[in-house]
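When a residue number appears, it is its place in the shown sequence, counting from 1.
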Amino acid sequence: MLPPLRWGRPSLGLATILVIALAEIGSANAIDLTDQRNRKVVFNRLPERLVIIPIPAPSTFMAIDGSDRKIVGMNEYAARAMQEGISGKLFPGFKQINTGVTTGGDASNFAPNVEAILALRPDAILQWANNNEIIGPLDRTGIPVVGMRVGSFENYTEYVKLMGKIAGREDRAGELLRKQEDSRQSLASRFADLSPAQRPRVLYFNRAANMLRVSGRGTAQDLAIQLAGGQNAIGDTVSISTVTIEQILTWNPQVVLLGNFDSTMPSDLYRDPRWQGVEAVRARRVYRVPLGGYRWDPPSHESALGWLWLAGLLHPERVQENIRTSVRDWFGFLYAYSPTDEEIDSILYLKENAGSAGYEAYRAH
């Protein structure tokens, strides 16, 4: 609806009235925000064409906006995770999004393909801000660039707020964060009385195929382990580190989590002679982390499901929630979608995790 004309204006032609009205609509949709490198970004109207390079971000933006139509370019590695999961049913149009916006498909390569990005005529670009070499070339294009911070769950919550503003859906973004915080507080209080001896030593692998990369203190994976009533097996080692099998044998984790950044499955570790001295392998407590609308291991809009999933494996006696019911509840909120039992089996990697201790509890009953 056009805004009402104001009294006191001189007589105007219809064309002029329309120009003024449209300008006022644009002004009403104008936004300004401060990104995660503390730089102010101003939009005259809500952006309609976005290029989103950070790999967790496109699916999170779609969940906030309720649509895939605003994203014209995304990282190929993010698209790969969405193709492997259920996103094709949640957002069918994402398969048409251009994925040639970086100079390579590797997850560690966020270098922008500036020429390809310019060809998409974006209104805004979202990019990691932790490295000037990958964000600086975008700043020089003159297109508004929103810098995001990687790593911790706290950084994630801040860029969800930015996405809410960019989508014009601040209420929706706020509701998502409140639901996640409720889950976080509930789990934290539930396991607050556990002694260190009652908290299993858990080791999360970002990679476990051609290299061994683990997540240490301060990462989102470390937070998930703590919230689920575990302790990070690597102690005070910070951030993400590449390690050796000898170091893993020294840590001797009781539970091993395999992330969704390579193809390693529990069976690979169970039959590998190098791993037979690890307590988690002997006890068959190796688990592939689920993959829903996006990976559950990095911080995302589905993180609360990852916390509940892990808590049920570490302390089934204390977790009353049925993970399958939780998946349906969260998918209803995030996507207005109710997955079938077969889809939930796939999300939970039921077949791949079937040989691991306690996983039968996650079957449909």
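Between G164 and I64 the shortest heavy-atom distance is CA-CG2, 4.2 Å. Pairing each heavy atom of V281 with each of L269, the nearest pair is CG1-O, 4.0 Å. Considering all non-hydrogen atoms of both residues, Y362 and L350 come closest at O-CD1, 3.8 Å.
With contacts defined as side-chain heavy-atom distances shorter than 4.5 Å, the pair P266/L258 qualifies. Under the 4.5 Å side-chain criterion, counting only non-hydrogen atoms from C-beta, M74 is not in contact with V101. Looking only at side-chain heavy atoms (C-beta outward), I86 and Y335 stay at 4.5 Å or farther from each other. Contact annotation: the side chain of R37 approaches that of V145 to within less than 4.5 Å [non-hydrogen atoms, C-beta and beyond]. Taking 4.5 Å as the limit, every side-chain heavy atom of V150 sits out of range of all side-chain heavy atoms of P54. Looking at heavy atoms from C-beta onward, R213 lies out of side-chain contact with F261 at the 4.5 angstrom threshold. In this structure, the side chains of I134 and Q127 come closer than 4.5 Å at one or more pairs of heavy atoms.
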*Checking side chain to side chain contact (heavy atoms under 4.5 Å, CB included) for the pair N155/Q36: CA distance, chi angles, key distance, verdict?*
CA-CA 8 Å; N155 284 337; Q36 288 183 281; 4.1 Å; yes
_side chain to side chain contact (heavy atoms under 4.5 Å, CB included), that's the test. Do V72 and L50 meet it? Break it down for me._
CA-CA 6 Å; V72 297; L50 301 171; 5.8 Å; no
*What's the verdict on side-chain hydrogen bond (donor to acceptor under 3.5 Å, both in side chains) for D262 and T264, showing C-alpha distance, side-chain angles and the deciding distance?*
CA-CA 6 Å; D262 65 22; T264 310; 3.1 Å; yes
*In sequence, state the C-alpha distance, the side-chain angles, and the governing distance for I55 and F110, and then conclude on side chain to side chain contact (heavy atoms under 4.5 Å, CB included).*
CA-CA 9 Å; I55 60 174; F110 298 100; 3.5 Å; yes
*Evaluate the side chain to side chain contact (heavy atoms under 4.5 Å, CB included) criterion for residues Y159 and I166: first the C-alpha distance (whole Å), next the side-chain angles of each, then the deciding distance (0.1 Å), finally the verdict.*
CA-CA 10 Å; Y159 71 64; I166 293 168; over 6 Å; no
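The pair E84-R80 fails the salt-bridge criterion, with no side-chain N (NZ, NE, NH1 or NH2) lying under 4.0 Å from an Asp/Glu carboxylate O. A salt bridge does not link R295 to D297: none of the charged nitrogens lies less than 4.0 Å from a carboxylate oxygen. Between E48 and R69, at least one side-chain nitrogen of the basic residue sits less than 4.0 Å from a carboxylate oxygen of the acidic one, meeting the salt-bridge criterion.
For the atom pair CD (Q254) and CZ (R201), the distance works out to 4.0 Å, reported to the nearest 0.5 Å. Separation of atoms CD1 (I125) and CD1 (I52) is listed at 11.0 Å; rounding is to 0.5 Å. To the nearest 0.5 angstrom, W296 atom CH2 is 11.0 Å from H301 atom NE2. Here CD1 of I344 is found 7.0 Å from OG of S338. Values are rounded to the nearest 0.5 Å. A distance of 11.0 Å separates CD of E158 from OG1 of T34, quoted to the nearest 0.5 Å. Rounded to the nearest 0.5 angstrom, L249 CG and E279 CD are separated by 12.5 Å.
Inspection of the R288 and N260 side chains reveals an N or O donor paired with an N or O acceptor under 3.5 Å.
Residues passing the salt bridge (Lys or Arg N to Asp or Glu O under 4.0 Å) test with D341, sequence neighbours excluded: R324, R328. Applying the side chain to side chain contact (heavy atoms under 4.5 Å, CB included) criterion to R178, with sequence neighbours excluded, gives E175. For the ring pair (Phe, Tyr, Trp, His ring centres under 6.0 Å) test, no residue two or more places apart in sequence or in another chain qualifies with Y294.
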Show me, pair by pair, the donor-acceptor contacts under 3.5 angstrom made by side chains of residues 303-317, not counting sequence neighbours?
from	atom 1	to	atom 2	distance (Å)
S303	OG	S300	N	2.8
S303	OG	S300	O	3.0
W309	NE1	Y359	OH	2.9
H315	NE2	G229	O	2.7

For residues 87-97, tabulate all N or O donor-acceptor pairs below 3.5 Å that involve a side-chain atom, not counting sequence neighbours.
from	atom 1	to	atom 2	distance (Å)
S87	OG	G293	O	2.6
K89	NZ	E343	OE2	2.6

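Under a 3.5 Å cut-off, the side chain of R169 and the backbone N or O of D65 do form a donor-acceptor pair.
The other members of the hydrophobic cluster of M265, by chain and number, are L291, Y349 (side-chain heavy atoms under 4.5 Å, ILVMFWY only).
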